[in-house]
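Just below is one structure, and these are the notes that go with it.
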Amino acid sequence: MDDMDDSDDASTTAAEKKSEGTMHTTAQRPTPRLARLLACAAVVPVMFVAGCSLGSDDSKDSASDGKASKSAESTPTVAPAKYAKLPRPCDAFDKKTIKDLVPKAKNKSGSEGKSADLESRSSCSWNGLDGFQYRWLDVSFQRFESDTSLGSGSERAQDYFTKQVAGAKSVKGAKKLKAVTAAGLGDQATTIGYDLKKDREDFKNQTVVARTANVVVTVNYNGTGYEDAKTPKAEEMLKDAKRAAEEAVKAVEDTRK
């Protein structure tokens with residue numbers, strides 16, 4: 001009996017050990033299905049993080065592109081000024097022109113006006129008395145740079161042109177005022193003629209205001225006949241003033257050569 005009991009105990013012990021071995025094996029070796037689930041569980045977070053990371057970068061790029069686009073749209077731009085400098089005012093006219101318009105000029109080289117910035121504004125004048133015939137000629141140049149807050153150089157010059165014409169029309173005491181648009185002189189031009197009595201003498205005055213791009217040229221030409229000398233004709237004074245203005249405009253255009 002004891003032998004039988006011992007045999008039974010041995011069988012039971014072997015069975016328990018086999019069962020434990022099977023349990024250990026099962027715990028250590030997951031089934032194929034479980035392995036696939038674990039693999040998916042391990043991969044999904046990585047894909048999710050990668051996806052989030054990519055989505056975040058795309059969002060940042062889109063935001064940056066949007067800001068850059070808005071910045072480009074909001075930044076105003078203006079056309080660059082055509083002329084970067086002015087001619088020397090006293091060299092604007094041909095010597096023969098000075099001789100014809102101002103005979104016996106006191107200073108044939110002209111008297112240059114004062115300016116703090118000769119690249120932006122300048123002027124020169126001549127005057128002379130030939131017998132009893134007196135003549136005065138002057139030219140002034142005004143140049144404008146382009147500015148994003150003020151406008152292009154040409155736009156600013158156009159505003160100044162309008163003011164110059166208005167100023168020439170509003171001379172106190174002017175009579176027989178006549179303003180005419182002058183074709184073929186720069187981008188735009190106007191001539192203003194009038195009579196003016198000064199020191200009991202009758203003066204004939206002609207002003208030509210011309211604009212070429214971002215520069216405005218103003219020519220003033222006037223004269224009188226003292227004593228019993230004849231007063232110059234308005235038509236001849238106008239013709240000479242336009243001749244001078246044409247040379248002044250050309251002098252501006254030549255600064256780009």
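Note that the structure is a prediction, hence the values are computed from the model and not measured.
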What pair of heavy atoms forms the shortest contact from Val102 to Gly128, and how long is it? CG1-N, 3.5 Å
When clusters are formed by joining ILVMFWY residues with side-chain heavy atoms under 4.5 Å apart, either directly or through shared neighbours, do Val139 and Val215 land in the same one? yes
Phe141 side chain near Val252 side chain, heavy-atom distance below 4.5 Å: yes
Within the supplied structure, the quantity of interest is the number of heavy atoms (other residues, nucleotides, ligands) at a distance under 6.0 Å from Asp199 CG; does it exceed 12? no
Has Tyr194 got a side-chain atom pairing as donor or acceptor with Val171's backbone, closer than 3.5 angstrom? no
Between CZ of Arg143 and CZ of Arg156, what distance do you get to the nearest 0.5 Å? 10.0 Å
Short question: side chain of Asn107, backbone of Gly110 - any donor-acceptor pair under 3.5 Å? yes
Is Leu177 reachable from Leu196 through a run of hydrophobic residues whose side-chain heavy atoms are each under 4.5 Å from the next? yes
Would Arg88 and Glu112 count as a side chain to side chain contact (heavy atoms under 4.5 Å, CB included) if you check the C-alpha gap in whole Å, the side-chain angles of each, and the deciding distance to 0.1 Å? CA-CA 9 Å; Arg88 290 291 301 273; Glu112 188 168 346; 3.5 Å; yes
Nearest heavy-atom pair of Asp138 and Ser125: which atoms, and what distance? CB-CB, 3.7 Å
Heavy atoms only: give me the nearest Gln206-Gly193 pair and the separation to one decimal. OE1-CA, 3.4 Å
Would you kindly confirm whether Phe132 and Trp136 end up in one hydrophobic cluster when ILVMFWY residues are joined by side chain heavy atoms under 4.5 Å apart? yes
With the side chain counted from C-beta on, respond yes when Ile98 and Leu137 share a heavy-atom pair under 4.5 Å apart, and no when they do not. yes
Look at the side chain of Ser146 and the backbone N and O of Gly153, then say whether any donor-acceptor pair between them is shorter than 3.5 Å. yes
What distance separates Lys96 NZ from Glu247 CD, expressed to the nearest 0.5 Å? 10.0 Å
Given the rule in the side chain to side chain contact (heavy atoms under 4.5 Å, CB included) test, do Thr148 and Thr77 qualify, once you have shown the distances and angles that lead to the verdict? CA-CA 6 Å; Thr148 53; Thr77 58; over 6 Å; no
Can you give me the closest heavy-atom contact between Glu119 and Ala84, atom names plus distance? OE1-O, 4.2 Å
With side chain to side chain donor-acceptor pair (under 3.5 Å) as the test, would you mind laying out the steps for Asp202 and Thr231 before giving the verdict? CA-CA 7 Å; Asp202 294 320; Thr231 301; 5.1 Å; no
Check whether any side-chain heavy atom of Ile192 lies under 4.5 Å from a side-chain heavy atom of Lys178, and answer yes or no. no
Decide yes or no for Thr224 and Gln133: does some side-chain heavy atom of the first lie under 4.5 Å from some side-chain heavy atom of the second? no
Quick check: do Tyr134 and Phe203 have side-chain heavy atoms less than 4.5 Å from each other? yes
Is it the case that the side chain of Ser120 and the backbone of Asp117 share a donor-acceptor pair, with hydrogens and angles ignored and the cut-off at 3.5 Å? no
Is the backbone of Tyr83 close enough, under 3.5 Å, to the side chain of Asn214 for a donor and an acceptor to pair up by distance? yes
Report the C-alpha separation of Asp94 and Lys99 in whole Å, then their side-chain angles, then the decisive distance to 0.1 Å, and conclude whether the salt bridge (Lys or Arg N to Asp or Glu O under 4.0 Å) test is met. CA-CA 9 Å; Asp94 186 81; Lys99 184 178 180 180; over 6 Å; no
With side chains defined as the heavy atoms from C-beta onward, is the minimum distance between Lys197 and Lys175 less than 4.5 Å? no
Can you tell me how far the CD atom of Gln188 sits from the OG1 atom of Thr212, to the nearest 0.5 Å? 10.5 Å
Between Trp126 and Phe93, what is the ring plane arrangement, given parallel below 30°, perpendicular above 60°, and tilted in between? tilted
Can a salt bridge be assigned to the pair Asp254 and Lys250 using a cut-off of 4.0 Å between side-chain N and carboxylate O? yes
Grab the two heavy atoms, one from Ala210 and one from Val249, that are nearest each other, plus how far apart they are. CB-CG2, 4.0 Å
Where do Thr207 and Thr218 land on the side chain to side chain contact (heavy atoms under 4.5 Å, CB included) test, with the steps shown first? CA-CA 7 Å; Thr207 296; Thr218 304; 4.1 Å; yes
Could Arg135 and Asp240 be called an ion pair, given the rule that one side-chain N must be under 4.0 Å from one carboxylate O? no
Check step by step if side chain to side chain contact (heavy atoms under 4.5 Å, CB included) holds for Leu185 and Val208. CA-CA 10 Å; Leu185 187 55; Val208 182; 3.7 Å; yes
Please round to the nearest 0.5 Å and tell me the distance separating atom CG of Asp187 and atom CD of Gln158. 9.0 Å
Could you tell me if the side chain of Val165 sits less than 4.5 Å from the side chain of Lys169, heavy atoms only? yes
Search all heavy atoms of Met237 against all heavy atoms of Gly223 and return the closest pair with its distance. CE-N, 3.4 Å
With a 4.5 Å heavy-atom cut-off, do Asn205 and Tyr221 have their side chains touching? no
Could you give the distance from CZ (Arg211) to OH (Tyr160), rounded to the nearest 0.5 Å? 14.0 Å
Could you measure the distance from the OH atom of Tyr226 to the CD atom of Glu201? Nearest 0.5 Å is fine. 6.5 Å
